[in-house]
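These notes concern the structure reproduced below.
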Amino acid sequence: MKNLKIISNEFLSKHTYFKLGGPADMFTLVRSAAELEGAVRWAERKRFSWFILGGGSNILVGDLGFRGLVIKNEARGLSHRGTVVTAESGVLLNQLVSYTIGQGLGGLEVFISVPGTVGGAVYNNSHFRPEKDEFIGNLVESAEVLIAKELTRERVDRTWFEFGYDYSRLQQERAVVLTVDFRLKKADSESLKKLSFQAMRQRNESQPIGEACSGCVFKNPKGRAAGRLIDEAGFKGARVGGAYVSEKHANFIINDGSASSRDVLELINRIIRRVEKVHQVRLEPEIFLVGEFD
Ligand code: EPU
């Protein structure tokens, strides 16, 4: 493997949807699954903490940044054989979906405007409409993962991931997805395009797309909508510093350009406390906290 190009003190705010996050001590960009594997192996050998940054959605990075190596995953190889599509884990979901629609392969079209990379989507079992069982994990046939502890590369099947709502085993185990095989179905490209447009329209109508935010902040509690619970608790427009709750959808927190990660975290905590008091439901964040907060 060629030498890693390490950048010191790279501000992670440049790489996240929230536009928040302090500096990473070390930062590197990888452009293939082989480079990704090489970077993780290097960090493990050196005993550095590492974090794989995908599209930068669904995370809140602390104002003090990250101590260790952040690996920005831009491994974007994509191919198919029959109805099985193989994607490197840095492929953007949008890129994957456009590709499958173009090839007349159905299953992923509703994920057209879901942010993030294939690796991130598998890590969190990304969904579109969870109530309709539209989870990315349902379409995973197998994957190549690097188990960090033993530094072994393994081919695993869908059951290995133990997929659940916003959950996969990757959240418990130090392992890295290198490539994923999705099993899709032959379909007509034009019909898939229509379905993807419908999904995109639904999101655009109800969500603050294009703002500096990170998708839904909280998971939907069983049988309830977090957005409605937060809305009913009177939080639309509520603000801490430069962070405020969207007027369009209450499960979104927006950075007005002047927020700190601390502001967002404080707003999250206020929402949790108030919703518990009003609705007797304890909300759980869907976004992941990364790095150091002051
Ligand atoms: N609602 C309100 N007030 C609000 C927002 C929503 O009353 O401010 C009500 C709506 O009227 C509706 C219900 O809450 O009756 C559900 O709202 P919506 O249809 O917008 O869906 P959601 O449950 O809030 C889920 C996912 C979204 C996904 C959409 C696709 C979660 C936490 N959210 O939203 O996922 O895009 O379905 O329809 O699972 C994400 O995970 O980042 C995300 C955005």
Side-chain angles (χ1 to χ4, degrees), residues 16-20 53-61 92-94 96-97 107-139 163-168 170-171 194-239 243-255 264 267-268 270-272 274-276 278-279 281-290:
T16 59
Y17 268 64
F18 260 134
K19 299 195 182 351
L20 291 174
L53 180 65
S57 59
N58 231 45
I59 54 171
L60 176 64
V61 181
L92 294 169
L93 270 192
N94 254 341
L96 172 67
V97 175
L108 286 165
E109 56 286 352
V110 295
F111 295 94
I112 186 77
S113 46
V114 173
T117 56
V118 164
V122 169
Y123 182 89
N124 199 35
N125 195 14
S126 276
H127 55 254
F128 183 49
R129 290 162 294 208
E131 68 283 4
K132 293 195 175 174
D133 201 29
E134 291 167 339
F135 290 96
I136 206 97
N138 294 345
L139 297 158
F163 287 120
Y165 173 49
D166 283 333
Y167 180 78
S168 84
L170 294 164
Q171 294 173 23
K194 276 194 194 123
L195 287 169
S196 72
F197 282 145
Q198 276 167 17
M200 199 164 4
R201 199 171 315 121
Q202 184 177 333
R203 270 168 51 88
N204 287 345
E205 274 166 11
S206 63
Q207 299 176 8
I209 309 294
E211 308 267 15
C213 65
S214 208
C216 287
V217 173
F218 297 98
K219 298 177 189 174
N220 280 345
K222 218 175 173 33
R224 315 283 289 269
R228 170 170 297 177
L229 297 174
I230 300 166
D231 188 355
E232 287 174 358
F235 267 101
K236 274 195 170 163
R239 175 181 278 278
Y244 67 95
V245 174
S246 163
E247 294 280 358
K248 196 167 179 186
H249 195 302
N251 201 4
F252 287 71
I253 292 179
I254 297 173
N255 169 11
V264 176
L267 189 50
I268 288 174
R270 283 190 198 174
I271 292 171
I272 293 174
R274 183 80 195 140
V275 166
E276 191 162 28
V278 174
H279 297 289
V281 177
R282 189 161 177 91
L283 291 177
E284 260 184 67
E286 172 179 305
I287 58 174
F288 297 94
L289 303 186
V290 176

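Whatever order the structure lists ligands and atoms in, that order sets their numbers, starting from 1.
Ligand-side atoms of ligand 1 in range of Y165: 31 (C), 32 (C), 39 (O), range being under 4.0 angstrom from any heavy atom. For ligand 1 and F252, the ligand atoms under 4.0 Å from any heavy atom of the residue are 44 (C). Ligand 1 places these atoms under 4.0 Å from at least one heavy atom of R129: 30 (C), 38 (O). Counting atoms of ligand 1 from 1 in the listed order, those under 4.0 Å from a heavy atom of G215 are 42 (O). Below 4.0 Å from some heavy atom of F218 lie the following atoms of ligand 1, by number and element: 32 (C).
Annotation: side chain of N125 is in contact with side chain of I136 (closest heavy-atom distance under 4.5 Å). Contact annotation: the side chain of L96 never approaches that of F111 to less than 4.5 Å [non-hydrogen atoms, C-beta and beyond]. Looking only at side-chain heavy atoms (C-beta outward), N255 and V264 stay at 4.5 Å or farther from each other. Using a 4.5 Å cut-off on side-chain heavy atoms (C-beta onward), N251 and Q207 make no contact. Counting heavy atoms from C-beta on, the side chains of R282 and I272 come closer than 4.5 Å.
Using a 4.0 angstrom heavy-atom cutoff, K236 counts as in contact with ligand 1. The closest approach between any non-hydrogen atom of E131 and ligand 1 is not below 4.0 Å. Between P130 and ligand 1 there is a heavy-atom distance shorter than 4.0 Å.
Listed for the E109 side chain is a donor-acceptor partner under 3.5 Å among the backbone atoms of G107. Counting only distance, with no hydrogens or angles, the side chain of Q171 and the backbone of Y123 share a donor-acceptor pair below 3.5 Å. Using a distance-only test at 3.5 Å, with no hydrogens or angles considered, no donor-acceptor pair links the side chain of S168 to the main chain of F163. Using a distance-only test at 3.5 Å, with no hydrogens or angles considered, no donor-acceptor pair links the side chain of D166 to the main chain of E286.
Nearest protein heavy-atom contact of atom 38 (O) of ligand 1 is Q202 NE2, 3.1 Å. In terms of protein heavy atoms, atom 23 (O) of ligand 1 is closest to N220 ND2, 2.8 Å. Protein heavy atom at the shortest distance from atom 24 (O) of ligand 1 is H249 NE2, 2.9 Å. Considering only non-hydrogen protein atoms, atom 42 (O) of ligand 1 sits nearest to C216 N, 2.8 Å. Of all protein heavy atoms, the one lying nearest to atom 28 (C) of ligand 1 is F128 O, 3.3 Å. Closest protein heavy atom to atom 3 (N) of ligand 1: D231 OD2, 2.8 Å. Counting only heavy atoms of the protein, atom 16 (C) of ligand 1 lies nearest to A225 CB, 3.7 Å. The protein heavy-atom contact nearest to atom 10 (C) of ligand 1 is R228 NH2, 4.2 Å.
For ligand 1, the polar-atom distance check finds no N/O of N251 at less than 3.5 Å from any of the ligand's N/O atoms. Backbone and side-chain nitrogen or oxygen atoms of H127 are examined, and one is located within less than 3.5 angstrom of a nitrogen or oxygen of ligand 1.
Atom OH of Y165 has more than 12 heavy atoms from other residues, nucleotides or ligands within 6.0 Å. Annotation for R239: atom CZ counts as buried by contact number, over 12 foreign heavy atoms lying within 6.0 Å.
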Please output the side-chain donor-acceptor pairs of residues 219-234 that fall under 3.5 Å, not counting sequence neighbours, one pair per line with the distance.
from: K219; atom 1: NZ; to: E284; atom 2: OE1; distance (Å): 3.2
from: N220; atom 1: OD1; to: A226; atom 2: N; distance (Å): 2.9
from: D231; atom 1: OD2; to: K236; atom 2: NZ; distance (Å): 3.4

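Counting heavy atoms under 4.0 Å from ligand 1, residue E286 touches it through the side chain alone.
Checking atom 19 (O) of ligand 1 against the protein gives no heavy-atom contact under 4.0 Å.
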